[in-house]
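Contents: one structure, followed by commentary.
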Number of protein chains: 2
Amino acid sequence: MATDHTRSAILTAAERLYADRGFADVTLRDIVAAAGVNLAAVNYHFGSKDELIAELFVTRSLATNRERLNELKAAEEAGGGRADIGVVLRALVGPTLRGCLGPDKQRSDAARFMIRASIESVPPIRKIKNREVDHLRKFAAAMKRALPDRDEVDLYWGLHFALAMAHQTIRDTERLTKLSDGKCDLNDVDAITDRVVAVAALALTTATGRAAKTARITRAVG
Amino acid sequence: MATDHTRSAILTAAERLYADRGFADVTLRDIVAAAGVNLAAVNYHFGSKDELIAELFVTRSLATNRERLNELKAAEEAGGGRADIGVVLRALVGPTLRGCLGPDKQRSDAARFMIRASIESVPPIRKIKNREVDHLRKFAAAMKRALPDRDEVDLYWGLHFALAMAHQTIRDTERLTKLSDGKCDLNDVDAITDRVVAVAALALTTATGRAAKTARITRAVG
DNA sequence: CATAGTTTCATACGTCTGTTTGAAATGCAA
DNA sequence: TTGCATTTCAAACAGACGTATGAAACTATG
C-alpha cells in the first residue's frame with residue numbers, strides 16, 4: 001500500500017479526463033497515458049473500468065452531499081431550526097455552482113466530473129445514483145420547514161426547478177454566452193447563484209393561485 | 001428510389017432506438033436488426049453512421065423550430081406584433097414538452113430523440129447544433145418586444161432558465177417522481193407547461209431590484 | 001426477353017476496446 | 001543476502017465496432 005502513488009495518479013487523471021471530454025470519449029489507454037502508468041494498472045488496482053468510475057463517483061458524490069448538508073445545517077442551526085427558503089436553496093445549488101463555474105483557477109475537476117456524471121448516464125453510475133433522492137429529501141424537508149404553509153407539490157417543483165437552472169447553467173455555458181454575445185457573465189458565480197436562488201425563491205413565495213392563473217390566461221390567449 | 005422502404009425503415013428504427021437507449025448504447029447492428037434490413041444498407045443509403053445521425057437531427061431540428069416559430073408568429077400577429085411574455089415562453093417550451101411528456105401514446109420518438117441529442121453531445125450533432133442559437137435569437141427578440149423596458153441580460157437569463165426547467169423536467173422525470181412519491185404528476189403536460197412558463201414569466205416580470213436584493217439578503221444571512 | 005442500373009446480401013477487413021497473462025521488477029522481512 | 005509478496009510491465013487476447021467488397025437479387029427500360 002504505502003502511499004499508493006499509482007492508484008491516486010489514475011484517479012486524478014481519470015477525473016480530469018472524464019470532466020474534460022466525457023465518458024464516451026475517454027479510453028483506459030488515455031487515462032493510463034495521462035497518469036503515466038501501465039495499462040494493466042487500472043485492472044490491477046480497481047478491478048475494471050466500471051469500478052474505477054464507480055469509485056470516482058461515490059467519492060465525489062459523498063463529498064458534494066456533505067458540503068451541501070453542512071451549509072444547510074449551519075444555516076438552520078443559526079436560525080433556530082429553520083432557515084430562510086433562499087438560504088436552503090443556496091445550500092442546495094451553491095456548492096455545485098461554485099465548483100463548476102467561475103474563473104478557471106477555482107474550477108475543480110471534481111465538480112465538473114460530477115456534472116458529466118449527471119449528464120451522461122453511464123451504467124456503473126446509474127445504479128448508484130438512485131441514492132441521490134434520499135439526499136434531496138433532506139432539502140425538501142428543510143424547505144418544508146422554511147415554508148410550512150406551502151403545498152408540498154409546489155416545494156418539490158421548486159427544488160426541481162432550482163436544480164434544473166443551476167445544472168443547465170453549468171452544462172450549457174456556451175449557448176448562453178453566444179446567445180447573449182457575452183453579456184451574461186458566467187464568471188461571476190455569486191451573481192449566478194443569486195439569480196438561480198432568487199428565481200426559485202420567488203416562484204416558491206409567490207401566491208400559487210396568481211402564478212397559475214397568469215399561466216392559464218397566457219395559455220388561453222396564445 | 002420509389003418509396004425507398006429501406007431508407008425510411010432505418011430512419012424510424014434508428015430514431016426510436018436512439019431515443020430509448022441513447023447514442024452510446026446503440027450500434028449499427030442494433031439499428032439494422034430493428035429495421036429488418038441488412039447491415040450494409042446504412043452505409044449504402046447514408047454513407048456513414050454519422051451522416052445518418054446528422055440527417056436525423058437536422059430533420060427533427062427543423063421541424064421543432066418550425067413548430068415553435070409558428071406558435072410564436074401566430075401569437076404575435078394576434079397581438080398586433082407583440083405577444084405577452086407568457087405566450088412567448090409557451091411557444092418556446094411548449095412544443096418540446098408536449099412531445100416528450102404526457103401519456104405514452106402521444107409521446108413521440110422524435111421529441112425524445114431531440115432530447116437525447118441535446119443531452120449526449122455526439123460529434124456529428126455538435127457541429128450542427130450551433131445554429132440553434134440563431135433560432136433562439138428570434139425568441140429573445142420576441143421577449144424584448146414583450147418586455148421592452150426589461151434589461152437585456154435579464155431576458156437572456158429568463159430564456160435560459162425557461163429552457164433549463166423544461167429540459168430538465170423532460171430529462172429527469174424519474175428523480176422528480178421518486179422524490180415526490182408520485183405526487184408530482186408528470187403526465188399533465190399542460191400543467192407542467194403552466195408551471196415552467198409561470199416561473200419564468202414571474203422571474204421576468206418581477207422587479208429585478210427586489211429579486212436581487214432578496215437574494216443578496218439570503219446570501220448574507222446564510 | 002434481354003440488359004443496364006439499382007439495391008440487397010453474406011462476409012470479411014482493420015481498428016479499437018477492456019481485459020488477461022506471465023514474466024520482470026520492486027519492496028521488505030528474516 | 002535470501003526469500004516471499006506485491007507491484008509493474010510489455011504483449012497478447014477476445015470481442016465489438018464501423019466500414020468495404022463483390023456477388024447475387026431485384027427493377028425497369030428498350
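The model shown is predicted, which means the values in this text are computed figures rather than measured ones. Note on naming: letters A, B, ... go to the chains in the order of the sequence lines (proteins, then strands), and numbering restarts at 1 for each one.
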Original post:
Tell me: CG of Asp25(B) to P of dT17(C), nearest whole Å?
Top reply: 17 Å
Original post:
Is there a side-chain polar atom (N or O) of Asn38(B) under 4.0 Å from OP1 or OP2 of dT7(C)?
Top reply: no
Subject >> Candidates Lys49(B), Arg7(B), Arg60(B) - the one meeting salt bridge (Lys or Arg N to Asp or Glu O under 4.0 Å) with Glu55(B) >> reply: Arg7(B)
**OP:** Just compare dT19(C), dT8(D), dT6(C) and give me whichever is closest to any side-chain atom of Leu28(A).
**Re:** dT19(C)
Original post:
Please give, in whole Å, the distance from dT17(C) P to Ile31(A) CD1?
Top reply: 11 Å
Original post:
So which of Val32(A), Val37(A), Thr6(A) actually passes side-chain contact (heavy atoms from CB on, under 4.5 Å) with Val42(A)?
Top reply: Val32(A)
Under-3.5 Å N/O pairs linking protein and nucleotides 25-27 of chain C:
none

Original post:
Is the Phe23(A) to Phe113(A) ring centre distance short of 6.0 Å?
Top reply: yes
Original post:
Any salt bridge between Asp109(A) and Arg112(A), counting N to O under 4.0 Å?
Top reply: yes
**OP:** Answer yes or no: does a side-chain N or O of Thr6(A) lie under 4.0 Å from OP1 or OP2 of dT7(D)?
**Re:** no
Original post:
Which comes earlier along DNA chain C counting from the 5' end, the contact point of Arg7(B) or that of Arg29(B), where each point is its nearest nucleotide?
Top reply: Arg7(B)
**OP:** Would you mind reading off the distance between Tyr44(A) atom OH and dA11(D) atom P, rounded to a whole angstrom?
**Re:** 21 Å
Original post:
Is His45(B) near enough to dT8(C) that one of its side-chain N or O atoms lies under 4.0 angstrom from OP1 or OP2?
Top reply: yes
Original post:
Between dT7(D) atom C1' and Asn43(A) atom CG, what is the distance in whole Å?
Top reply: 14 Å
**OP:** Could you list the residues that satisfy salt bridge (Lys or Arg N to Asp or Glu O under 4.0 Å) with Lys73(B), not counting sequence neighbours?
**Re:** none
**OP:** Have a look at Arg90(B) and tell me which of Leu72(B), Asp194(B), Ile85(B) forms a side-chain contact (heavy atoms from CB on, under 4.5 Å) with it.
**Re:** Asp194(B)
Original post:
Rounded to the nearest Å, what distance is computed from the CD atom of residue Glu51(B) to the P atom of nucleotide dG18(D)?
Top reply: 14 Å
Original post:
Taking atom P of dT11(C) as reference, at what distance in whole Å does atom CG of Leu39(B) sit?
Top reply: 13 Å
**OP:** Specify the residue among Lys49(B) and Ala40(B) whose closest nucleotide of DNA chain D lies further upstream toward the 5′ end.
**Re:** Lys49(B)
**OP:** With the side chain of Thr27(B) defined as its heavy atoms from C-beta on, choose the nearest nucleotide among dC17(D), dT19(C), dT19(D).
**Re:** dC17(D)
**OP:** Take the protein atom CG of Leu52(B) and the nucleotide atom P of dG18(D), then report the distance between them rounded to whole Å.
**Re:** 11 Å
**OP:** Kindly check if the number of other-residue, nucleotide or ligand heavy atoms within 6.0 Å of CZ (Arg175(A)) is above 12?
**Re:** yes
